[in-house]
Amino acid sequence: MLLVLVDKKILTGGIVMIVAGIVIGLTVGEAPTGQTGMTEEEIVDLMIAEDENQAYQLLYGILMGVGFLLVLISFGARRRKGSAKRSEKKPAE
């Protein structure tokens, strides 16, 4: 049996971030496309939609990347015995 020490809070946070990135990625869908013979107003609207789509792609890419890093970190993060205890030394008089 393989025993792996995992920090469950960090692992859960990483998985949640990965799922949030996937959900945003699926809802954004494909980039908007233009047509021939578009008016100036339609071209401006298309450029704005393309910019928003690019921002969403960056957002879900960052979310998934940070989530993946948190998952990796959770496998190496262990609480050491006595790390919560802090002793204060009094100065010698």
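The figures that follow rest on heavy atoms only: side chains count, while hydrogens, waters and symmetry mates do not.
With rounding to the nearest 0.5 angstrom, the CZ atom of F75 is 11.0 Å from the CG atom of D7. The CD1 atom of I10 sits 6.5 Å away from the OG atom of S74 when rounded to the nearest 0.5 Å.
Note: the hydrophobic cluster containing L46 does not contain Y56 (ILVMFWY, side chain heavy atoms under 4.5 Å, direct or indirect links). In the hydrophobic cluster analysis, where Ile, Leu, Val, Met, Phe, Trp and Tyr join through side-chain heavy atoms closer than 4.5 angstrom, L11 is grouped apart from V16. L58 and M47 fall into different hydrophobic clusters, where Ile, Leu, Val, Met, Phe, Trp and Tyr residues are linked whenever their side-chain heavy atoms come under 4.5 Å apart, directly or through other members.
Around CD of E50, the count of heavy atoms belonging to other residues, nucleotides or ligands within 6.0 Å exceeds 12.
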Scan the side chains in residues 61-70 for donor-acceptor partners under 3.5 Å anywhere in the protein, sequence neighbours excluded, and list what turns up.
none

Please tabulate, for side-chain N and O atoms in residues 23-45, each donor-acceptor pair with protein atoms closer than 3.5 Å (sequence neighbours left out).
| unit_1 | atom_1 | unit_2 | atom_2 | d |
| --- | --- | --- | --- | --- |
| T27 | OG1 | V23 | O | 3.1 |
| T27 | OG1 | I24 | O | 3.0 |
| T39 | OG1 | E42 | N | 3.3 |
| E42 | OE1 | T39 | N | 3.1 |

